[in-house]
There are 2 protein chains.
Amino acid sequence: MRPGERPEIANLPLFREMQEGQRDRIFSGSFLQAFPPQLTLFELGQHPDFLHVLVDGLVELYAHSAGRDTTMRIVEPVTSFILAAVITDQPYLMSARTIAPSRILLVPAALVREVVKDDCALMQATMRELAQAYRDMVRALTDMKLRQSAERLGNLILQQERRQGGSSTVRLKAEKRLLASLLGMTPENLSRAFGVLGGHGIAVSGAQVTITDRAALEAFSRPDPVRDDLA
Amino acid sequence: MRPGERPEIANLPLFREMQEGQRDRIFSGSFLQAFPPQLTLFELGQHPDFLHVLVDGLVELYAHSAGRDTTMRIVEPVTSFILAAVITDQPYLMSARTIAPSRILLVPAALVREVVKDDCALMQATMRELAQAYRDMVRALTDMKLRQSAERLGNLILQQERRQGGSSTVRLKAEKRLLASLLGMTPENLSRAFGVLGGHGIAVSGAQVTITDRAALEAFSRPDPVRDDLA
DNA sequence: CGAAAAGCTTGATCCTGATCAAGAATGGCC
DNA sequence: GGCCATTCTTGATCAGGATCAAGCTTTTCG
């Protein structure tokens with residue numbers, strides 16, 4: 001682990017409130033590993049061996065069924081992932097691959113389950129993290145069921161913009177094909193969706209998206225005040 | 001509370017392992033209330049006041065956006081619901097209504113949060129419940145993104161049949177319009193989907209669905225060994 | 001029991017998004 | 001810098017599912 005990284009990881013909501021000793025126990029049993037891009041980290045159906053914490057890079061979580069793939073989530077640093085599989089000790093429901101050179105902290109799943117039992121603060125943090133993850137999935141599912149493609153894209157842009165600091169500018173962190181899969185559409189249709197949004201307050205240039213007319217974009221995308229707020 | 005009910009509730013995975021005293025604290029602060037059908041219990045966006053435990057009846061959780069509704073989950077007794085909103089103390093992401101006369105145990109949200117903090121067993125159960133709920137949502141989302149309508153219906157029937165005891169017979173517990181909404185399609189299309197499945201091993205008569213040829217149904221629906229198993 | 005309402009099914013048409021097929025742009029790499 | 005591979009875009013066509021419009025069945029309730 002490089003200097004400065006341990007505190008960064010220790011500061012994650014998941015580990016922040018833990019007892020110092022228990023945190024050491026977690027860290028000393030874990031190891032940080034570097035992965036090249038396009039490497040499969042684990043596959044759907046496997047038994048979870050490690051809780052993963054993305055320290056640096058970019059990871060895609062995806063699912064497949066009947067020959068088709070779909071992106072479920074794009075993980076940005078610094079974030080833990082597949083916590084639910086580790087806690088329930090049940091097979092992964094998603095596969096994971098790096099989409100950029102990445103460094104990942106691997107925490108043995110059994111160790112997580114054990115320390116969780118002993119450290120109430122970690123348990124509470126885990127509980128909160130899972131509740132949040134659940135809510136995110138509820139949002140994603142209603143999005144998928146109720147909105148059509150261009151609207152989904154519009155809302156994703158609004159949401160990214162807020163997360164990137166509200167500068168009316170969004171830099172897409174992943175390829176558009178990946179974004180399309182995340183939004184549940186084909187790359188062709190994503191292109192067309194960007195085209196549609198061109199008439200509703202955005203301008204695209206490569207991976208750079210600029211919101212030229214927020215009111216128009218919001219009128220078109222109808223962000224839900226409850227569902228889309230990061231409150 | 002009627003005799004026999006308290007033990008039934010106390011036996012829920014959520015409350016089973018708690019300290020006796022803490023459980024009393026929960027129960028003595030809660031109350032059981034009866035609701036007529038078609039009554040809205042709470043609305044999306046509201047601040048969560050109670051953890052709900054459906055003791056008897058049937059409840060629909062649904063979301064809306066841009067004038068449209070969609071059913072997110074049909075809750076059968078005995079089950080708790082909207083645990084995540086209570087834990088995070090954030091607005092409901094779904095609305096709830098009774099679809100049959102129902103009796104619901106209402107546990108004040110603040111009380112839940114407080115007792116959770118004091119009782120590690122409850123916290124652990126909560127954590128597990130949330131992890132399971134998260135995984136269910138992951139399944140629902142991939143289902144929605146990757147399968148088409150008749151396939152979704154086929155899998156739902158297979159899944160219900162397993163849950164109802166494997167007698168090759170499924171009794172639909174809700175109206176078909178509701179089922180359609182849960183599956184993310186229109187009632188018209190659900191009818192047609194049943195029609196399609198008629199050629200793939202099922203026979204429908206009102207709310208009674210019979211699996212006449214499991215192999216055919218599975219060949220058509222391609223249940224995912226990992227995702228659909230209740231393991 | 002019988003009428004009204006609600007739910008379900010079936011058919012016809014429409015629309016969103018998928019697929020197929022080329023080009024244009026971008027990026028990696030020697 | 002220039003070539004090759006990949007990604008992105010644009011156009012044409014197709015298909016799954018939505019919508020619209022009736023009939024039909026079941027339930028509800030006086």
Side-chain angles (χ1 to χ4, degrees), chain A residues 36-38 58 60 65-71 97 99-101 143-154 156 171-200 202-209 220-221, chain B residues 36-38 58 60 65-71 74 97 99-101 143-154 156 171-200 202-209 220-222:
Chain A
Q38 300 302 333
L58 212 53
E60 175 195 7
S65 190
R68 301 154 152 284
D69 278 34
T70 194
T71 304
R97 71 167 76 97
I99 56 184
D143 205 51
M144 202 62 195
K145 286 177 86 177
L146 292 177
R147 294 211 260 238
Q148 44 195 51
S149 55
E151 229 175 311
R152 291 202 295 276
L153 176 58
L156 180 130
R171 159 144 247 108
L172 303 174
K173 67 273 165 212
E175 283 173 345
K176 290 192 183 149
R177 60 212 302 284
L178 234 173
L179 192 61
S181 176
L182 180 66
L183 288 169
M185 58 178 113
T186 57
E188 291 95 323
N189 249 323
L190 178 63
S191 257
R192 287 185 253 267
F194 271 121
V196 170
L197 292 186
H200 295 276
I202 80 161
V204 186
S205 159
Q208 191 73 25
V209 179
F220 178 84
S221 313
Chain B
Q38 299 304 333
L58 212 53
E60 176 196 7
S65 190
R68 301 153 152 285
D69 278 34
T70 194
T71 304
I74 295 173
R97 71 167 76 99
I99 55 185
D143 204 52
M144 198 44 114
K145 286 177 86 176
L146 292 176
R147 293 210 261 236
Q148 46 195 50
S149 55
E151 229 175 313
R152 291 203 295 276
L153 176 58
L156 180 131
R171 158 144 248 104
L172 304 175
K173 68 274 164 209
E175 284 173 344
K176 289 192 183 150
R177 59 212 306 282
L178 233 173
L179 193 61
S181 175
L182 180 67
L183 288 168
M185 58 179 111
T186 57
E188 291 96 324
N189 249 322
L190 178 63
S191 256
R192 288 184 253 266
F194 271 121
V196 170
L197 291 186
H200 296 276
I202 81 161
V204 186
S205 160
Q208 191 74 24
V209 179
F220 177 84
S221 313
R222 302 178 179 280

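Chain letters run A, B, ... following the sequence lines, proteins first and then strands; every chain starts at 1. What you are looking at is a predicted structure, and each value in this text was computed from that prediction instead of being measured.
- The nearest pair of heavy atoms linking A/Ile99 to A/Leu178 is CD1-CD1, 3.5 Å.
- Annotation for A/Arg152 and A/Arg147: closest pair NH1-O, 2.8 Å, computed over non-hydrogen atoms.
- Legend: residues meeting ring-ring contact (aromatic ring centres under 6.0 Å, His included) with A/Phe220, ordered by chain and number and at least two apart, are A/His200.
- Distance CZ (B/Phe194) to P (C/dC8): 10 Å, rounded to an integer number of Å.
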Short N/O separations, protein against nucleotides 22-30 of chain C, under 3.5 angstrom:
none

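- Within the model, atoms CD of B/Glu151 and CG of B/Leu156 stand 13.0 Å from one another, a figure rounded to the nearest 0.5 Å.
- Applying the side-chain contact (heavy atoms from CB on, under 4.5 Å) criterion to A/Ala203, with sequence neighbours excluded, gives A/Thr212.
- Heavy atoms only, all atoms of each residue included: B/Ala150 and B/Ala193 are closest at CA-CB, 4.0 Å.
- For A/Ala100, the side-chain contact (heavy atoms from CB on, under 4.5 Å) partners two or more places apart in sequence, or in a different chain, are A/Leu58.
- In this view, B/Arg171 and B/Gln208 satisfy the side chain to side chain donor-acceptor pair (under 3.5 Å) rule, not counting sequence neighbours.
- If you measure from atom CG of B/Leu146 to atom P of C/dA18, you get 12 Å, rounded to the nearest angstrom.
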In B/S/- notation (B base, S sugar-phosphate only, - none; protein heavy atoms under 4.0 Å), nucleotides 13-30 of chain D written 5' to 3' is ---SSBBB----------
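- Residues satisfying the side chain to side chain donor-acceptor pair (under 3.5 Å) criterion with B/Glu175, sequence neighbours excluded, are absent altogether.
- Contact of the A/Pro36 side chain with the A/Pro101 side chain is not registered, since no non-hydrogen atoms from C-beta on lie closer than 4.5 Å.
- A distance of 7.5 Å separates CG of A/Leu183 from NZ of B/Lys145, quoted to the nearest 0.5 Å.
- Relative to the axis of its first five pairs, the axis of the last five pairs of the helix from C/dC1-D/dG30 to C/dC30-D/dG1 sits at 50°, rounded to 10 degrees.
- By the side chain to side chain donor-acceptor pair (under 3.5 Å) test, B/Gln38 is found to be paired with no residue, residues two or more places apart in sequence or in another chain being considered.
- Applying the side chain to side chain donor-acceptor pair (under 3.5 Å) test to residues at least two apart or on different chains, the pairs with a partner in residues 176-188 of chain A are A/Thr71-A/Ser181.
- Near DNA chain C, defined here as any heavy-atom distance below 4.0 Å, there are no residues from residues 172-182 of chain A.
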